[in-house]
Amino acid sequence: MAQGYDRPDNPVLLAEEPVVREILGTVPIGTALDAACGTGRWTQHLASLGHAVTGFDATPEMLEEARRKVSAAHFELADLTAIPLPPDTFDLVVCTLALTHCNELPGAISELGRVARSQGRIIISDVHPLMAMLGSHARYPRDQGEFGLVQSHVHQVSDYLSAFRDAGLSVTDCREPVWTGDAIAALGFGDQRPGLLEAAVEGLPIVIVWELKKA
């Protein structure tokens, strides 16, 4: 699962990565946390920018892959709702494409806010609520050409805003990249049903990216 999770043909990553990279390019170098880091996709990027990075994930196989990619980072085995790190520790907290898999959104966001320093930046990306409502689930390759699924929970925009407020986080920006022709083509279904996916999803939001600041 870990080796094939960050597939380059994943349309969610194609939409999310340019936006998150642009935002991270505006953040001063400091201490950074990659929360629910998975295979270290963003841990690696943060380290390349010069941040002192800590990452954590709840899946040992994911952490093994992350450690292989980013030997300079510090990693912990942990869950989003119980981060085993002191409060007010990080200048930057990043959490990408993970909260949709978390049933307890307020608790997770409270923890992300707790470990950020005052005036610290928090960058969150997630599968857009509309896509979650339409039944979008993260998939990963398994043996013999099969795919496994990781369940997505529906978190409405209002759910995020309530959790941000309760955690003392203010929204400084929100972006909603949409399905494009390139993202649709990456799915590889177009030859079977020409024009069907374009008619169904093109122009709809695929991910949501939040930029926050701790009061």
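Only this structure's heavy atoms are used, side chains among them; waters, hydrogens and symmetry mates stay out. Nothing here was measured: the structure is a model prediction, and the numbers come from that model.
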Review point. Between S125 and V20, which heavy-atom pair has the shortest distance, and what is it?
Key: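 That would be CB-CG2, 4.1 Å.
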Taking the side chain from [X] and the backbone from [Y], do they hold a donor-acceptor pair closer than 3.5 Å?
| X | Y | value |
| --- | --- | --- |
| R114 | I83 | yes |
| H155 | C102 | yes |
| T81 | A108 | no |

Practice item. Give every residue pair that meets the salt bridge (Lys or Arg N to Asp or Glu O under 4.0 Å) criterion with at least one member in residues 42-51, sequence neighbours excluded. Key: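 Applying salt bridge (Lys or Arg N to Asp or Glu O under 4.0 Å) to every pair that reaches into residues 42-51, excluding sequence neighbours, yields nothing.
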Quick one: pull up [atom1] in [X] and [atom2] in [Y] and give me the separation to the nearest 0.5 Å.
| X | Y | atom1 | atom2 | result |
| --- | --- | --- | --- | --- |
| T26 | D173 | OG1 | CG | 9.5 Å |
| L24 | E17 | CG | CD | 11.0 Å |
| F75 | D34 | CZ | CG | 7.5 Å |
| H74 | T31 | NE2 | OG1 | 13.0 Å |

**Study point:** Partners passing side-chain contact (heavy atoms from CB on, under 4.5 Å) against V154 (at least two apart in sequence or in another chain)
**Key:**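 Only A132, M133, Q156 meet the side-chain contact (heavy atoms from CB on, under 4.5 Å) criterion with V154.
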Review point. Sequence neighbours excluded, which residues qualify as side-chain contact (heavy atoms from CB on, under 4.5 Å) partners of P84?
Key: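 Per chain and number, P84 pairs via side-chain contact (heavy atoms from CB on, under 4.5 Å) with E76, A78.
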Check your understanding: Going by atom types alone, do R165 and S170 pair a side-chain donor with an acceptor below 3.5 Å?
Key ->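 No, S170 and R165 have no side-chain donor paired with an acceptor closer than 3.5 Å.
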